[in-house]
2 protein chains.
Amino acid sequence: MEIAAESAVTHADKTFFRLRKDIVEGVIEAGSKLSETELSTKYDVSRAVIREAINRLTASHLVERRANVGARVVSLSPQGLVELYQVREALEGMAARLAAQNMNQQEIDDLQGLLNDHFDEVKDGQRYYQEAGDVDFHYRIVLGSKNQHLISVLIDGIYHLVRMYRVQFGMAGPRVTTAFDEHRHIVQAIANRDGELAEMLMRRHILYSKNNIERKLLHTSPH
Amino acid sequence: MEIAAESAVTHADKTFFRLRKDIVEGVIEAGSKLSETELSTKYDVSRAVIREAINRLTASHLVERRANVGARVVSLSPQGLVELYQVREALEGMAARLAAQNMNQQEIDDLQGLLNDHFDEVKDGQRYYQEAGDVDFHYRIVLGSKNQHLISVLIDGIYHLVRMYRVQFGMAGPRVTTAFDEHRHIVQAIANRDGELAEMLMRRHILYSKNNIERKLLHTSPH
DNA sequence: GTTAACTAAACTGTCGACAATGTAGGCGTG
DNA sequence: CACGCCTACATTGTCGACAGTTTAGTTAAC
């Protein structure tokens with residue numbers, strides 16, 4: 001699932017990844033306080049390591065920190081989700097535009113291949129698609145932009161928050177076949193080297209996805 | 001110049017701001033190594049404080065770090081500048097769109113007022129405009145988006161890098177009156193609550209600005 | 001009973017020392 | 001002379017202890 005297996009060489013790295021996982025998956029509750037001493041005993045490392053991990057989480061917008069008070073896991077809210085998707089729309093739209101310029105033929109072919117695999121899955125009625133497949137698709141386009149800023153802001157930052165919303169608000173649902181068609185059109189535009197269209201389609205795709213999630217939010221109790 | 005004077009309560013805060021200033025303004029050379037021990041004696045704080053400051057700079061993309069090796073100030077390159085402006089275009093375009101939705105009448109009036117002040121300056125032929133005025137204009141629109149992610153990514157991150165490029169490649173130059181007209185049109189679109197147009201105009205504005213800077217880069221030796 | 005000042009506990013911020021890792025220079029070998 | 005190994009040094013990573021700040025609880029005054 002991870003494109004390039006993130007290699008954790010230092011203790012702070014490992015602790016950062018563990019903490020992030022626990023936060024994204026809700027093992028550590030959204031909005032809860034992160035006590036440095038408590039975590040340091042729990043993960044069996046010194047407070048300095050915990051502090052560094054927390055600082056990195058703060059940079060990813062998964063944690064908020066106040067001087068002399070402490071760090072809390074961010075709280076999730078419909079408002080926050082909307083804002084997140086607005087940023088996603090802007091950045092991934094640009095990523096699609098740049099991908100149409102900068103992906104080489106091999107990468108485009110691979111993307112087509114990925115799509116075909118998805119098609120088989122959708123045909124077989126597998127639910128599996130949504131999570132891993134969707135993530136993979138978006139990753140490739142972002143990486144295809146070849147824009148280092150775009151890549152790091154999305155992959156190191158925003159995507160983890162998106163996944164946190166998905167997991168904790170329990171989105172798995174449908175929109176599978178619809179989303180598949182949207183993906184197909186985006187790849188088509190990229191293959192045609194039409195950046196303008198690719199951006200437009202990607203923005204629509206994310207907008208629809210947002211609306212879909214929002215709709216669910218109103219039907220399930222946001223808790 | 002700073003919208004809200006950033007209040008540094010802790011030593012790490014102050015050191016972070018001092019370091020950031022020195023990096024952006026080139027006092028610490030782009031691409032140079034940041035030695036923890038050296039900085040800790042120079043700024044007269046412990047290494048722990050320096051480490052925290054460096055970590056935050058890493059989050060702002062002003063510094064790059066490799067485990068067990070150390071941190072370096074980022075290197076500036078035409079390529080990097082282009083990528084930066086692509087991200088800016090996407091994010092500030094979205095900011096303008098949202099500002100048209102979310103700014104209240106008072107904020108729009110103030111923005112108009114700011115523009116009038118600029119007009120007087122431009123009329124008097126002041127060069128002053130470009131730096132402070134331009135920054136102020138863009139800040140207000142970003143803040144007007146009321147989108148917390150957008151605000152922090154741009155203001156805490158990207159803008160400092162932009163300024164670093166401006167300072168170190170020595171951009172001061174013209175484009176004053178032209179840019180002024182572009183600003184005027186953007187405000188007009190926001191006042192009309194036309195988010196679509198505001199986004200388009202902002203994107204053009206930034207694109208022109210990028211082209212202008214790129215043109216200069218080819219004429220001055222980038223060193 | 002309510003408010004305010006004080007006190008103590010718990011937590012974060014900072015420090016100096018030690019451990020682990022990377023780096024450069026010298027040495028020997030082919 | 002070139003290459004690789006080994007040693008000594010410099011730098012980053014990690015730790016435990018202390019200092020400073022916030023917070024909650026208690027007491028006293030009105």
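Because the structure is a prediction, the values reported are computed rather than measured. Below, chains carry the letters A, B, ... as their sequence lines are ordered, and counting in each starts from 1.
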*asked:* Rounded to the nearest 0.5 Å, what separates atom CD1 in B:I50 from atom NE2 in B:H11?
replied: 12.0 Å
*Nearest-nucleotide 5' precedence on DNA chain C, A:V9 against A:V69*: A:V69
*asked:* Roughly what angle, to 10°, lies between the helix axis at the start of the helix from C:dG1-D:dC30 to C:dG30-D:dC1 and the one at its end, five pairs per end?
replied: 10°
*Do any side-chain nitrogens or oxygens of B:R72 fall under 4.0 Å of OP1 or OP2 in D:dT11?*
no
*Ignoring hydrogens and angles, tell me if any N or O in the side chain of B:S209 forms a donor-acceptor pair with the backbone of B:H205 under 3.5 Å.*
no
_cation_pi(A:R20, A:F17) dist<6.0 Å, angle<=45_ = no
*Expressed in angstrom and rounded to an integer, what is the separation of B:R47 atom CZ from D:dT14 atom P?*
11 Å
*Does B:E83 reach the main-chain N or O of A:Q148 with its side chain, forming a donor-acceptor pair under 3.5 Å?*
yes
_Checking contacts here: which listed nucleotide (D:dT14, D:dG13, C:dG13) is nearest the side-chain heavy atoms of B:N68?_
D:dG13
*How close or far is atom C1' of D:dC18 from atom NE2 of B:H11, stated in whole angstroms?*
15 Å
*For the pair A:E92 (side chain) and A:E89 (backbone), establish whether a donor and an acceptor sit closer than 3.5 Å, ignoring hydrogens and angles.*
no
_Please confirm whether the shortest side-chain N or O distance from B:R51 to OP1 or OP2 of D:dG13 is below 4.0 Å._
yes
*B:E38 CD to D:dT11 P: how many Å, rounded?*
9 Å
*asked:* Do B:I155 and B:L143 make a side-chain contact, defined as non-hydrogen atoms from C-beta onward lying under 4.5 Å apart?
replied: yes
_Atom-pair distance (NZ on B:K14; C1' on C:dT14), nearest Å_ = 12 Å
*Rounded to whole angstroms, how far apart are OH on B:Y43 and P on C:dC15?*
15 Å
*Does the side chain of A:K33 get closer than 4.0 angstrom to OP1 or OP2 of D:dT22 through an N or O atom?*
no
*Tell me: CG of A:D13 to P of D:dG13, nearest whole Å?*
9 Å
*asked:* Using side-chain heavy atoms (C-beta onward) and a distance below 4.5 Å, is A:R193 in contact with A:Q101?
replied: no
*Quick one: label A:L34 by what it contacts on the DNA or RNA (base, sugar-phosphate, nothing), any heavy atom closer than 4.0 Å.*
sugar-phosphate
*Which whole-number value in Å describes the distance from B:E36 CD to C:dG22 P?*
15 Å
*Under 3.5 Å, is there a donor-acceptor pair between the side chain of A:T10 and the main chain of A:D13?*
no
*Going by modelled atom types, is there a donor-acceptor pair between the base of C:dG22 and the side chain of B:R66 at under 3.5 Å?*
no
*Which residue, A:E52 or A:A67, contacts DNA chain D at a nucleotide closer to its 5' end, judged by nearest heavy atom?*
A:E52
*For the side chain of A:R65, starting at C-beta, report the closest nucleotide among C:dT12, C:dG13, D:dT14.*
C:dG13
*asked:* Check this one for me: any side-chain N or O of B:T10 less than 4.0 Å away from OP1 or OP2 of C:dT12?
replied: no
*Whole angstrom is fine here: how far is it from CD1 in A:I50 over to P in C:dC11?*
14 Å
*Name the closest nucleotide to the A:S46 side chain, picking from D:dC15, C:dT14, D:dT12.*
D:dC15
